[in-house]
Amino acid sequence: MKFKNSALATKLLSNLSGIEIGASAHNSFNLNTKNVDYSDDYTTIFKKEEVGMCGEYAKVDIVAHGDDLPLEDNSQDFVISSHVIEHFWDPIKAVKEWMRVTKKGGYIYIICPHKERTFDRDRPITFANEIIARHGLPTPSTYDPYEHWSIWDTESFLDLCRKMNWDIHTHQDRDDKAGNGFAVVLNN
């Protein structure tokens, strides 16, 4: 099973080139991207799930953590991610890194699981003040890249963006890709 393309992502990004953080074959955006992943080990739980869902996995082009990219400043038209931002201990660091590598006028396109539409429904929302307090602190020794470190609904994520003074281009309360998340597009 493969998810449909996002009409919003296609409209905004189809004539540009960028990177996708943690791409997956079953959830491809079909854009001109290079896939950045923390590992090129195709036996991880994420890659096994990919193969189980659609029979293949997305090739990893750049092995790097999504919040520490080996790319030059202002070198990308966009950064896109789907169901990835919640895996970062410090999502502010990740977004700031994505902004660093994105050209002025470019886009940061984020699809995030919506608390009420995923297995996170029984977990409390991680509000902006907690994430801001966490920013810059060392990653805990118990860090697990499979864990959801932050839980959001659309409004709580938008609140974080506003408190960080990030320029919100547009958003969708229900993303037009898999439909179990929300989409937020930031202007750089």
Side-chain angles (χ1 to χ4, degrees), residues 6 8-9 12 18-24 27 29 35-39 44-46 49 64-71 73 76 78-102 106-188:
S6 162
L8 179 60
L12 291 174
I19 58 170
E20 182 171 356
I21 309 297
S24 59
N27 196 21
F29 285 93
N35 179 17
V36 177
D37 210 322
Y38 72 95
S39 173
T44 66
I45 190 170
F46 293 128
E49 183 176 333
H65 290 279
D67 59 359
D68 187 19
L69 300 169
L71 301 170
D73 294 358
Q76 306 299 310
F78 65 88
V79 173
I80 193 166
S81 69
S82 179
H83 291 254
V84 173
I85 190 78
E86 68 279 4
H87 293 279
F88 290 99
W89 162 252
D90 186 348
I92 294 171
K93 178 183 177 192
V95 172
K96 284 182 172 183
E97 179 69 350
W98 300 350
M99 289 179 169
R100 179 190 68 77
V101 302
T102 302
Y107 300 99
I108 312 299
Y109 193 112
I110 301 167
I111 296 179
C112 183
H114 190 289
K115 169 190 167 29
E116 298 304 325
R117 295 189 282 256
T118 65
F119 56 81
D120 287 326
R121 72 181 49 81
D122 295 328
R123 296 180 65 191
I125 287 177
T126 313
F127 290 103
N129 290 343
E130 178 183 340
I131 293 168
I132 292 167
R134 191 190 301 167
H135 177 54
L137 294 177
T139 301
S141 60
T142 58
Y143 176 75
D144 177 350
Y146 304 118
E147 177 74 27
H148 286 191
W149 290 95
S150 301
I151 310 301
W152 291 290
D153 61 11
T154 311
E155 190 50 45
S156 60
F157 191 87
L158 290 171
D159 183 55
L160 173 65
C161 294
R162 290 182 198 106
K163 286 184 174 171
M164 294 304 300
N165 294 313
W166 294 333
D167 184 6
I168 301 166
H169 176 277
T170 191
H171 73 277
Q172 296 174 322
D173 182 54
R174 183 178 293 270
D175 74 271
D176 68 355
K177 186 115 178 68
N180 62 351
F182 57 87
V184 174
V185 182
L186 305 173
N187 283 326
N188 197 25

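Counting heavy atoms from C-beta on, the side chains of D90 and T139 never come closer than 4.5 Å. Residues I21 and D67 form no side-chain contact, since every pair of their non-hydrogen atoms from C-beta on lies 4.5 Å or further apart. No side-chain heavy atom of L186 sits less than 4.5 Å from a side-chain heavy atom of W98. Looking at heavy atoms from C-beta onward, T118 lies out of side-chain contact with H114 at the 4.5 angstrom threshold. Looking at Y107 and N188, their side chains never come closer than 4.5 Å, going by heavy atoms from C-beta outward. At least one side-chain heavy atom of K163 sits less than 4.5 Å from a side-chain heavy atom of N129. At least one side-chain heavy atom of V184 sits under 4.5 Å from a side-chain heavy atom of L158. Between W152 and I85, the closest side-chain pair of non-hydrogen atoms falls below 4.5 Å.
A distance of 9.5 Å separates CZ of F119 from CG of N180, quoted to the nearest 0.5 Å. A distance of 3.5 Å separates CG in D173 from OG1 in T154, rounded to the nearest 0.5 Å. Taking CD1 from I125 and CG from D120, the interatomic distance works out to 10.5 Å, rounded to the nearest 0.5 Å. Interatomic distance, OG1 of T126 versus CD1 of I131, reported as 5.5 Å (0.5 Å rounding). Taking CZ of R174 as the start and CD1 of I111 as the end, the distance is 12.5 Å to the nearest 0.5 Å. Atom-to-atom distance recorded for C161:SG and I110:CD1 is 6.5 Å, nearest 0.5 angstrom.
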Side chain to side chain contact (heavy atoms under 4.5 Å, CB included) for F78 and L12? Distances and angles first, verdict last. CA-CA 10 Å; F78 65 88; L12 291 174; over 6 Å; no
Determine whether M99 and I108 satisfy the following criterion, side chain to side chain contact (heavy atoms under 4.5 Å, CB included), listing intermediate values before the conclusion. CA-CA 7 Å; M99 289 179 169; I108 312 299; 4.0 Å; yes
Show the numbers, then the answer: is there a side chain to side chain contact (heavy atoms under 4.5 Å, CB included) between W166 and I92? CA-CA 11 Å; W166 294 333; I92 294 171; 4.2 Å; yes
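Side-chain atoms of S6 and Y109 include a donor-acceptor pair closer than 3.5 Å. A donor-acceptor contact closer than 3.5 angstrom links the side chains of R134 and S150. If you check the side chains of S156 and D159, you find no donor sitting under 3.5 Å from an acceptor.
Taking all atoms of both residues into account, the shortest heavy-atom contact from P138 to W89 is O-NE1, 3.4 Å. Nearest heavy-atom pair, E97 versus L69, reported as atom, atom and distance to 0.1 Å: OE2-N, 2.7 Å. For P113 against H148, the heavy-atom pair with the smallest separation is CG-CE1, 4.1 Å. In terms of heavy atoms, S82 sits closest to N27 at OG-ND2, 3.0 Å. For the pair I132 and M164, the tightest heavy-atom approach, listed with the atom from each and the gap, is CG1-SD, 4.1 Å. Taking every heavy atom of both residues into account, K115 and R121 meet most closely at NZ-O, 2.6 Å.
Using cut-offs of 30° and 60° for the angle between ring planes, the W149 and Y143 rings count as parallel.
Side-chain atoms of E86 come within 3.5 Å of backbone atoms of V84 as a donor-acceptor pair (strictly under, hydrogens ignored). Proximity of a side-chain donor or acceptor of D175 to a complementary backbone N or O of G181 within less than 3.5 Å is detected. Listed for the N35 side chain is a donor-acceptor partner under 3.5 Å among the backbone atoms of A23.
Look at R162 and E155 and you find a salt bridge, because one of the NZ, NE, NH1 or NH2 atoms lies within 4.0 Å of a carboxylate O, short of that distance.
When ring centroids are compared, H171 and F157 stay outside the 6.0 Å threshold. Aromatic ring centroids of H87 and F46 lie under 6.0 Å apart.
A cation-pi arrangement is absent between K93 and F88, since the terminal nitrogen or guanidinium carbon is not both under 6.0 Å from the aromatic centre and inside a 45° cone about the axis.
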